[in-house]
Amino acid sequence: MATKMTKTSPAAAPVEVDRSRDISQPLEKLAPEERLKFNSDYLAGSIAEDLIDEITLAVDENNNKLMKFHGIYQQDDRDQRDERRLQKLEPYYTFMLRGRMPGGVCTPQQWLKMDEIGRTYGNEQFRLTTRQTFQFHYLNRTALRDVMLGLREVGLDSKAACGDVARTVMSGVHPGLSKLHKQVYEQAQIASDHVIHKTSAYEEVWFGEKPAQPRGENEEPFYGKQYMPRKFKIGFAVPPSNDIDIYSQDLGFVAIASRGRLKGFNVVIGGGMGRTDRAPETYPRLGDVIGYIDVEQLLPTIEAVMGVQRDYGDRVTRSHARFKYTIDDKGLDFVTGEIERRLGVPLAPAKAFKFTANGDQLGWTTGDDGLEHFTLFIENGRVINRPGHPLMDGLKAIAETEKCVFRLTPNQSVILSDIAPVDRPAIEALLAEHAITNTPQKGRSALRLNSMACVAMPTCALAMAESERYLPDLITRIEGLLEKNGLTEEPITIRMTGCPNGCARPYIAEIALTGRAPGKYNLYLGGGFHGERLNKMVRENVGEDVIMEVLDDTLARYAQERQPGERFGDFVIRAGFVAEVKEGRHFND
Ligand code: SRM
Ligand code: SF4
């Protein structure tokens, strides 16, 4: 790609800044969530008391919001919702728990614990997410403490996996560049430890611990009582792979290396995916590269960037509270200048880098340190046993050998990594024994291997249409079109979400579908293959017949008219299918 480098002037003239919506305002003028956080006793609320209520399956509304900071969402089974309503029963409430796993690195012992929890409490399954971590669904309220204790036994937790804080820090996984990847991962881990909230509420609520000392004003030296205005996402990419979709992160770091050693990072700010249909003031936005820092500057830079969003982010209107809107409201120059002022030095000019893809490099690879890695495609991240496909059992058996590290990828898949060459045959035998290959059950097109769907139905409260349960079948039908046009081996990214929130980062896929209503989707085309360009809506609120018609036409034309090496997303723009797509940073429809 053409590297995006936005030069900013550290000496930009002072900008008049509207501070009517930021944290300097009196609490009563801010969103209700700000008052909730402020009065929550640093996130403890009355969650502990709520957990022992025996009358309902649910928790109180405020605790429900606070529990997100502890990695937990109350949900109800949407497949059962109507029937239970007819029977005048309360919804069938269960809980989703999302773990924190910086860079997706998971020891075999941790994998075994996830497997055990999934089997015991989580409907015999668990889910790998688009941010390299894991989720359990279908947990009963009474199981939550046991799950927390289980995670703690293996050094895992669910702190800050959700809520208005810095979330699980992502770190790109490039198996061929093992040494560099390890150095970048170390920095991601340091960053994660640094940004995690410091309150001891988690230990008190879940493990009954007493605070070491009464909580005082210094409980959260960085966040304060109101934490961030909204979620904040940080990720590290290792070129040439843009697997973490750096341009979708609030704050991204592109690793810059010299002779295989990490030197520093280009800093990218202001990415985000979420939008709402018929609300043009919400939009996905690609991050801007604002400069370069040496490795030593990492933590001060994170503090400076997050500090700007903490202090200037919108605390009145939550739908406008992400960093991308702060940047667009105040201006990139102002925000960059403020970051540099807090850093005390200007950022250096960004260094050149090149991405080639945002998917995973599947199959066996040997790292630059001689260790072997097997990247396994897991369709939509669901770890479960299905007839003839005992994926969960197979991965458990592999974990039991303790011969590999599990690395969760940003594409909901897993790398069995750091395998000594002598151990590879044993791993291969277990893969074969459990019929685990990179040939998914329903077909093996390069399109499927570059697909992602968010969870959506039946657990996600915000889903308007199916996603994970539908995309595999839709792809089977699209595979007919691919075969007809000789495109089965052509890598094309396709992503689906059950609503416009963008959890599978759809707005940077070459083909994307976002749910509007049962069976109805917005269809987008024209994203960049390495996550460098937003796509554009080409059909609104349409069903499968129209989706197939448009894809039939565009794929046939692509097969016949493409130039050598031309990607599908680039072609649909050149050919005029998506007239309005530009290299723009953001769009609203
Ligand atoms: Fe997400 C909310 C699932 C990655 C943007 N997301 C949700 C909730 C918690 C629904 C809710 O609030 O009640 C979903 C839970 C569904 C379920 O049943 O499990 C949910 N998001 C997911 C996951 C599990 C999708 C997946 O299939 O893997 C991903 C978990 C990531 C993780 O491990 O932390 C997930 N969500 C994302 C991403 C992608 C990313 O971060 O790289 C995005 C777009 C990037 C961004 O944030 O801009 C994303 N999720 C959202 C939004 C829209 C935020 C916004 O700015 O408008 C919501 C809704 C909200 O926060 O109000 C949301
Ligand atoms: Fe739920 Fe929407 Fe996210 Fe899908 S994109 S998991 S439907 S919030």
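Read the numbers this way: they start at 1 and go in the same order the structure lists the ligands and their atoms.
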Which atoms from ligand 1 have a heavy atom of [X] less than 4.0 Å away?
X	result
Thr459	17 (C), 18 (O)
Gly502	38 (C), 43 (C), 44 (C)
Cys454	27 (O)
Ala453	27 (O)
Thr133	32 (C), 33 (O)
Gly272	48 (O)

Q: Give a yes or no on whether Cys460 keeps an N, O or S atom under 2.8 Å from atom 1 (Fe) of ligand 2.
A: yes

Among protein heavy atoms, which lies nearest [atom], and at what distance?
atom	result
atom 53 (C) of ligand 1	Asn501 OD1, 3.4 Å
atom 6 (N) of ligand 1	Cys503 SG, 3.1 Å
atom 56 (O) of ligand 1	Arg322 NH1, 2.8 Å
atom 51 (C) of ligand 1	Lys231 NZ, 3.4 Å
atom 57 (O) of ligand 1	Gly274 CA, 3.5 Å
atom 16 (C) of ligand 1	Cys460 CB, 3.5 Å
atom 3 (Fe) of ligand 2	Cys503 SG, 2.3 Å
atom 3 (C) of ligand 1	Arg98 NH2, 3.5 Å
atom 2 (Fe) of ligand 2	Cys499 SG, 2.3 Å
atom 41 (O) of ligand 1	Lys233 NZ, 2.7 Å
atom 4 (Fe) of ligand 2	Cys454 SG, 2.3 Å

For ligand 1, note which part of [X] has a heavy atom under 4.0 Å away: side chain, backbone, both or neither.
X	answer
Gln412	side chain
Met96	side chain
Arg230	side chain
Leu462	side chain
Gln135	side chain
Arg275	neither
Pro284	neither

Residues [X] and [Y]: side-chain donor-acceptor under 3.5 angstrom:
X	Y	answer
Glu544	Tyr470	yes
Thr282	Tyr325	no
Asn522	Arg516	yes

(Q) Angle between ring planes, Phe355 versus Phe353, binned at 30° and 60°: parallel, tilted or perpendicular? (A) perpendicular

Within the structure provided, determine whether [X] and [Y] are in side-chain contact (heavy-atom separation under 4.5 Å).
X	Y	result
Met452	Leu471	no
Thr142	Leu51	no
Met114	Phe136	yes
Asn411	Thr130	no

Would you say [X] has any N or O atom under 3.5 Å from an N or O of ligand 1, going by distance alone?
X	result
Gln132	no
Thr130	yes
Met273	yes
Arg505	yes
His137	yes

Are the side chain of [X] and the backbone of [Y] linked by a donor-acceptor contact shorter than 3.5 Å?
X	Y	value
Asn535	Ala509	yes
Arg131	Pro102	no
Arg407	Val414	no

Check ion pair [X]-[Y] (N to O, under 4.0 angstrom):
X	Y	result
Arg167	Asp164	no
Arg469	Glu466	yes
Arg152	Asp157	no
Arg477	Asp473	no
Asp60	Lys65	no

I'd like to know if [X] contacts ligand 1, where contact means a heavy-atom distance under 4.0 Å to any ligand atom.
X	result
Arg127	yes
Ala504	no
Cys162	no

Q.
Is there a ring-ring contact (aromatic ring centres under 6.0 Å, His included) between Phe323 and Phe232? Walk through the geometry before answering.
A. CA-CA 8 Å; Phe323 191 32; Phe232 193 89; 5.7 Å; yes

Q) Just one of Val289, Ile246, Ile290 clears the side chain to side chain contact (heavy atoms under 4.5 Å, CB included) bar with Asn266, so which one? A)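 Looking at Val289, Ile246, Ile290, the match for Asn266 under the side chain to side chain contact (heavy atoms under 4.5 Å, CB included) is Val289.
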
Q) Of the options Val238, Val105, Asp243, which is the one that meets Val173 in a side chain to side chain contact (heavy atoms under 4.5 Å, CB included)? A) Asp243

Q | Tyr227 and its side chain to side chain donor-acceptor pair (under 3.5 Å) partner, picked from His197, Lys37, Glu33, Glu220 | A | Glu220

Please could you name the atoms of ligand 2 that [X] approaches to less than 4.0 Å, counting only its heavy atoms?
X	value
Ala463	7 (S)
Gly498	4 (Fe), 7 (S)
Thr497	5 (S)

**Q.** Any non-hydrogen protein atom less than 4.0 Å away from atom 8 (C) of ligand 1
**A.**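 No, no protein heavy atom sits under 4.0 Å from atom 8 (C) of ligand 1.
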
Q.
Evaluate Phe126 against Trp111 for ring-ring contact (aromatic ring centres under 6.0 Å, His included), listing each step before the verdict.
A. CA-CA 11 Å; Phe126 59 98; Trp111 186 273; 5.3 Å; yes

